[in-house]
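Let me begin by presenting the structure, written as structure tokens, before commenting on it.
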Protein chains: 2
Amino acid sequence: MFNAATAQARPAGRPDDAENQRSSQRIADMLRLLGETLQPARRLVRAGDVIYRAGERFQNLYVLNSGFCKIVNLSADGREQVVGLKFRGDWLGFDGIASTQYGCDAIAMDTSDVWVIGYDALLQACLGRPALMTVLHEAMSREISRDRDSLMSVCTLPADARVADFLRYWADSLAKRGLRCDQITLRMTRAEIGNYLGMTLETVSRALSRLARDKVIGFAEKGRRDVHIPDVGALSAFVQRCLAPAALAVH
Amino acid sequence: MFNAATAQARPAGRPDDAENQRSSQRIADMLRLLGETLQPARRLVRAGDVIYRAGERFQNLYVLNSGFCKIVNLSADGREQVVGLKFRGDWLGFDGIASTQYGCDAIAMDTSDVWVIGYDALLQACLGRPALMTVLHEAMSREISRDRDSLMSVCTLPADARVADFLRYWADSLAKRGLRCDQITLRMTRAEIGNYLGMTLETVSRALSRLARDKVIGFAEKGRRDVHIPDVGALSAFVQRCLAPAALAVH
DNA sequence: CGGGCGTTTGAATCAAATCAATTGGAGTGG
DNA sequence: CCACTCCAATTGATTTGATTCAAACGCCCG
């Protein structure tokens with residue numbers, strides 16, 4: 001189930017189409033179930049719009065029906081940290097359940113369709129519809145797994161590998177949603193990527209340049225926002241190369 | 001609700017006794033509720049024992065009634081990362097819900113009493129006992145918040161501050177469980193602490209030495225496993241000092 | 001066309017990792 | 001009880017990867 005593991009287990013590191021299709025189906029089923037049983041209010045947001053803010057009273061969970069957003073944690077002393085990225089089918093706001101207020105800001109990074117799920121209504125509905133509870137728990141479970149993968153990446157990978165792993169994660173997220181992942185548009189600045197990965201914007205830029213020089217990624221002719229990924233497996237291979245500096249000529 | 005925020009908001013950085021007492025009560029209430037409604041099997045484990053392993057089929061959640069353990073993520077390429085520490089009242093195994101198998105190892109770090117909660121039975125019981133569902137969701141929510149705080153710490157703090165923040169987190173965890181927190185016994189080696197914090201064991205050792213030199217912590221006469229923390233607020237202050245290198249003489 | 005922001009790239013600096021040596025306790029067995 | 005071993009921890013010297021500081025470039029938009 002782990003991204004790296006999945007890529008590794010495959011013969012040639014190519015995406016597991018069957019698995020991705022199942023993911024895509026699961027998300028569609030979940031959205032259909034939520035739509036039918038709860039008729040959630042929809043909120044259309046644009047890049048930069050705030051979905052909720054840290055400190056606001058927790059009442060709703062949110063589900064992204066389309067678009068893309070970031071979760072930003074702000075510490076008491078002013079440090080700001082992007083702690084999560086959310087795509088279609090992801091839930092937002094779980095951190096508010098225990099403390100009765102949100103602990104982070106959720107900011108749209110693109111035009112998005114956000115479904116508003118009243119938490120009390122959801123719990124109520126869960127009682128009559130066990131499938132609802134299942135999707136809720138699975139979503140929380142997945143978030144916990146993903147957060148651990150993030151921590152793992154930040155703690156164990158050097159900067160270049162972290163950037164490569166970030167792109168792999170992004171491509172993987174798109175593939176799991178049935179979207180093409182050979183051409184991705186990063187709707188984040190280098191500074192935001194760096195913040196998310198725990199490094200400076202210059203280091204992100206250098207890492208991307210190195211990835212491009214090694215032909216692991218390509219840039220569109222105009223602008224460096226669009227990244228071309230000919231082979232997702234090559235990103236995983238690049239990560240491995242970063243980790244094994246003294247193990248080259250073996251044949 | 002965030003640890004750092006809490007400490008900051010206090011007049012003198014001292015622990016918030018009322019809040020801690022509420023936490024302690026909440027945990028006791030939760031354990032009582034679980035014990036009464038589910039009569040979970042108990043498993044006594046000793047330091048080093050495996051509670052579950054990554055890859056095993058998910059069937060149970062676990063709740064620590066006493067003791068202490070670590071959650072270890074193992075990547076496909078062999079990197080090993082401590083991604084969480086669990087104390088009395090904490091739940092283990094949430095990451096298995098979505099994928100039907102555990103994604104990490106859970107290893108006891110001390111003699112512990114682990115309650116085994118069959119997941120299906122729990123869901124069943126939730127239907128009749130909404131309070132059960134509440135504690136379950138709160139536990140997952142808290143884990144998500146905590147994971148984000150970890151990521152924040154690793155991404156934004158220099159090594160010394162990260163170690164200080166780690167000790168603050170540990171002391172805070174004890175306080176929230178009604179235990180004394182001025183004298184803590186780290187049941188982890190420097191290497192394990194370093195792994196958790198994303199640094200080498202030498203860096204952990206140096207950071208601890210510096211904290212001791214600055215009188216923020218003290219070591220027991222014999223052995224360096226026991227750490228004396230005269231004032232938890234001083235740890236937060238130390239973190240701030242690390243972040244503000246050029247702001248000393250202001251009066 | 002010019003201003004402003006985001007990005008790239010280079011050079012210098014710095015924090016942390018690595019390499020290496022020593023110390024200190026805990027445990028074992030004579 | 002002491003000698004011996006083993007492993008954790010400390011501390012110093014050196015190297016290295018990433019940050020910082022600085023300059024230039026390119027793209028978008030008014």
Side-chain angles (χ1 to χ4, degrees), chain A residues 47-48 79 81-82 109 153-167 185-214 217-227 238-239 241-246, chain B residues 47-48 79 81-82 109 153-167 185-214 217-227 238-239 241-246:
Chain A
R79 284 170 290 144
Q81 177 64 40
V82 177
M109 301 292 283
S153 175
V154 169
C155 284
T156 67
L157 296 180
D160 285 7
R162 227 139 80 213
V163 172
D165 192 61
F166 165 74
L167 293 174
T185 303
L186 299 175
R187 291 170 199 285
M188 306 171 73
T189 64
R190 302 291 187 255
E192 282 174 316
I193 296 171
N195 180 284
Y196 179 53
L197 298 177
M199 65 186 74
T200 60
L201 66 95
E202 292 96 328
T203 302
V204 175
S205 178
R206 281 185 243 271
L208 288 172
S209 296
R210 262 183 296 261
L211 283 165
R213 187 166 46 65
D214 290 10
I217 64 171
F219 282 119
E221 326 73 48
K222 287 230 169 174
R224 273 140 219 97
R225 234 42 186 302
D226 287 9
V227 175
F238 183 90
V239 172
R241 230 175 303 145
C242 291
L243 291 172
Chain B
R79 283 171 290 144
Q81 176 65 39
V82 177
M109 301 291 284
S153 175
V154 169
C155 284
T156 67
L157 296 181
D160 286 5
R162 228 139 78 213
V163 172
D165 193 60
F166 165 74
L167 293 173
T185 304
L186 298 175
R187 290 169 200 285
M188 305 170 74
T189 64
R190 302 289 188 254
E192 282 174 315
I193 296 171
N195 181 285
Y196 180 53
L197 299 177
M199 64 185 74
T200 61
L201 67 96
E202 293 95 329
T203 302
V204 174
S205 179
R206 281 184 242 272
L208 288 172
S209 296
R210 259 182 298 259
L211 283 165
R213 186 167 46 69
D214 290 11
I217 65 170
F219 282 118
E221 327 73 47
K222 287 227 166 177
R224 274 141 217 97
R225 236 41 188 301
D226 287 8
V227 176
F238 183 90
V239 172
R241 229 175 304 145
C242 291
L243 291 171

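Chain A is the first sequence line, chain B the second, and so forth, proteins listed ahead of strands; every chain is numbered from 1.
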B:T189 versus B:R225: any side-chain heavy-atom pair under 4.5 Å? yes
Run the side chain to side chain contact (heavy atoms under 4.5 Å, CB included) test on B:I217 and B:F238 for me, step by step, so that the C-alpha distance in whole Å, both residues' side-chain angles and the decisive distance to 0.1 Å come before the verdict. CA-CA 11 Å; B:I217 65 170; B:F238 183 90; over 6 Å; no
I need the CG-P distance between A:L197 and D:dA18, as an integer number of Å. 12 Å
Does A:L243 offer a backbone N or O that forms a donor-acceptor pair with the side chain of B:R79 under 3.5 Å? no
Derivation and outcome, side chain to side chain contact (heavy atoms under 4.5 Å, CB included), residues B:V154 and B:M199: CA-CA 9 Å; B:V154 169; B:M199 64 185 74; over 6 Å; no
Any residue meeting side-chain contact (heavy atoms from CB on, under 4.5 Å) with A:A161, in chain and number order, not counting sequence neighbours: A:L157, A:P158, A:V239, A:C242
Mind checking what makes side-chain contact (heavy atoms from CB on, under 4.5 Å) contact with A:A207, not counting sequence neighbours? A:D160, A:V163
So how far is it from A:L167 CG to A:L211 CG, rounded to the nearest 0.5 Å? 6.5 Å
Give me the bend of the helix from C:dC1-D:dG30 to C:dG30-D:dC1, using the axes of the five pairs at each end, rounded to 10°. 30°
Derivation of the side chain to side chain contact (heavy atoms under 4.5 Å, CB included) call for A:V227 and A:F219: CA-CA 5 Å; A:V227 175; A:F219 282 119; 4.2 Å; yes
Protein within reach of the bases, or only the backbone? For nucleotides 7-17 of chain D, mark each nucleotide 5' to 3' as B, S or -, using heavy atoms under 4.0 Å. --SBBBB----
Tell me every residue that passes side-chain contact (heavy atoms from CB on, under 4.5 Å) with A:Q81, counting only those two or more places apart in sequence or in another chain. A:V83, A:N195, B:M152, B:C155, B:T156
Does A:S209 reach the main-chain N or O of A:S205 with its side chain, forming a donor-acceptor pair under 3.5 Å? yes
Between which nucleotides of DNA chain C, read 5' to 3', does contact with chain A run, using atoms under 4.0 Å from its heavy atoms? C:dT7 to C:dA11
